[in-house]
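Take a look at the structure set out below.
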2 protein chains.
Amino acid sequence: MARSQPDVGEVDDVDLAILAVLTARADITNKALAERLHLAESTCAHRVRVLRRRGLIIDTRARVDIAALGFPLRAVVNVRLGSHTKAGVTQLFQALTQIPGVIEVFHVAGEDDFVLHVAAADAHALRDLVLEHITVHPSVRSTETHLVFDRRDGVGVLPAG
Amino acid sequence: MARSQPDVGEVDDVDLAILAVLTARADITNKALAERLHLAESTCAHRVRVLRRRGLIIDTRARVDIAALGFPLRAVVNVRLGSHTKAGVTQLFQALTQIPGVIEVFHVAGEDDFVLHVAAADAHALRDLVLEHITVHPSVRSTETHLVFDRRDGVGVLPAG
DNA sequence: CATGAAACTTAGCTGGC
DNA sequence: GCCAGCTAAGTTTCATG
């Protein structure tokens, strides 16, 4: 069962180029994008619309400076469960995403069950986040909090952007 | 030195509301955004421009469906170093971000030094990513790769979006 | 599929309230 | 902060190779 091809029709090089640009600067005008890729504006707009409709472009989001907003502390929190019923895991997953300050949640294989990326105003707030919102959960056996010194974007899977 | 206030002027509730909307849908038109927040279009456009200039809005990016692009496997990779010279750590940090498939890199405190979020086409490609690009680095002592079952966005630090 | 040229929509700017 | 009016710029639609 060779399934190396995505389940979403074909994605040619032009599509990839569009995606590469848009993942870096989604607010580029269609006109500028078309120029950069040597496409007609109408063609470019059409391809972008199709990429959206096919779900290859999920959405577009502004990135805000969380530190400047008053949350300069970041941490990676590993969460380990005691029991592993499917319902319990699913429910906790959802609950974790709803905790104020939680930026993303990974459900992972291994000894730890969840890896969270969180932001907090200071060490005190970080402690409260972990103790009052995570550890408190009955199915949580333990947590491990690692302060983030720095975070950077990787190049991802797309060609040169 | 109380420094609870961000170093970027004031951010009032309207600004926060703008940021909340834009972090969810950056492609909303200024007109629609103004309506939703009960602002005049001119006021709304002005505030958004100021938020950009102040750096509170960093940029805006399209999110692509990496799995549909042919990279359905995700993993969290913990990287531990042998030596910890500042130059070595900095250089490795940069190198990790440049590895194809690496989505984000955290430099963290604790026994592990880096936490990576990566995408790969299949288990084989994932192994190659780790062995050929990470483990191979002289200052890397060990790695731990955890398959990601699922990933979700958290609510973050902004009010209801 | 891609294109160019219409009608339509939006953003950016100005002065004035 | 809001309004109004204006101009430039961008987007969408459609008929056509």
Side-chain angles (χ1 to χ4, degrees), chain A residues 4-65 68-70 157-161, chain B residues 5-66 68-70 157-161:
Chain A
S4 56
Q5 285 310 92
D7 53 351
V8 186
E10 275 302 321
V11 181
D12 64 19
D13 290 349
V14 176
D15 289 327
L16 287 179
I18 290 174
L19 294 176
V21 173
L22 258 33
T23 49
R25 324 177 42 82
D27 57 350
I28 189 175
T29 63
N30 178 66
K31 185 179 183 174
L33 180 61
E35 262 180 36
R36 186 158 160 184
L37 270 51
H38 308 292
L39 292 176
E41 297 175 26
S42 51
T43 308
C44 188
H46 179 251
R47 292 188 88 121
V48 172
R49 226 176 302 126
V50 171
L51 286 171
R52 273 185 197 283
R53 203 168 10 235
R54 290 203 290 179
L56 270 151
I57 296 175
I58 300 167
D59 58 15
T60 116
R61 300 188 164 188
R63 296 197 308 164
V64 311
D65 187 340
L69 268 183
V157 299
L158 290 167
Chain B
Q5 285 309 94
D7 53 352
V8 186
E10 275 302 323
V11 181
D12 64 17
D13 290 349
V14 176
D15 288 326
L16 287 179
I18 290 174
L19 293 176
V21 173
L22 259 32
T23 49
R25 324 179 45 81
D27 56 350
I28 189 175
T29 64
N30 178 65
K31 186 178 182 174
L33 179 60
E35 261 179 38
R36 184 158 160 185
L37 269 51
H38 308 290
L39 293 176
E41 295 176 28
S42 54
T43 308
C44 187
H46 179 252
R47 292 188 88 121
V48 172
R49 226 176 302 126
V50 170
L51 285 170
R52 273 185 198 283
R53 204 167 14 234
R54 292 203 289 179
L56 271 151
I57 296 174
I58 300 168
D59 58 15
T60 116
R61 300 189 165 187
R63 295 198 306 165
V64 311
D65 187 340
I66 295 179
L69 269 183
V157 300
L158 290 168

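To find a chain, count down the sequence lines: A is the first, B the second, and so on, and within it residues start at 1.
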Between NE2 of B/His46 and P of D/dA4 the distance, given in whole Å, is 19 Å
Got a sec: does the CG of A/Asp12 have more than 12 other heavy atoms crowding it under 6.0 Å?
yes
Please check: side-chain N/O of A/Thr43 versus main-chain N/O of A/Leu39, any donor-acceptor pairing under 3.5 Å?
no
Between B/Asp27 and A/Arg61, does any NZ, NE, NH1 or NH2 come within less than 4.0 Å of an OD or OE carboxylate oxygen?
no
Where protein sits on nucleotides 7-17 of chain D, one letter per nucleotide: B base, S sugar-phosphate only, - none, heavy atoms under 4.0 Å
---SB-B----
Can a salt bridge be assigned to the pair B/Arg25 and A/Asp59 using a cut-off of 4.0 Å between side-chain N and carboxylate O?
no
Walk me through it: do A/Asp15 and A/Arg47 pass the test side-chain contact (heavy atoms from CB on, under 4.5 Å)?
CA-CA 7 Å; A/Asp15 289 327; A/Arg47 292 188 88 121; 3.2 Å; yes
Mind checking whether A/Glu35 and A/Ile28 have side chains closer than 4.5 Å, heavy atoms only?
no
What is the distance, rounded to the nearest whole Å, between atom CZ of B/Arg53 and atom P of C/dG12?
11 Å
Stem list for DNA chain C, please, built from Watson-Crick and G-U wobble pairs under 3.5 Å and keeping only runs of at least 3.
C:2-11 with D:7-16, C:13-17 with D:1-5
Atom-to-atom span, NE2 of A/His38 to P of C/dT3 - whole angstrom:
12 Å
Do you know which two heavy atoms are closest between A/Gly55 and B/Asp65, and how far apart they sit?
O-CB, 3.5 Å
Quick one, A/Leu69 with B/Leu16, criterion side-chain contact (heavy atoms from CB on, under 4.5 Å). Give me CA distance, side-chain angles, the key distance, then yes/no.
CA-CA 9 Å; A/Leu69 268 183; B/Leu16 287 179; 3.8 Å; yes
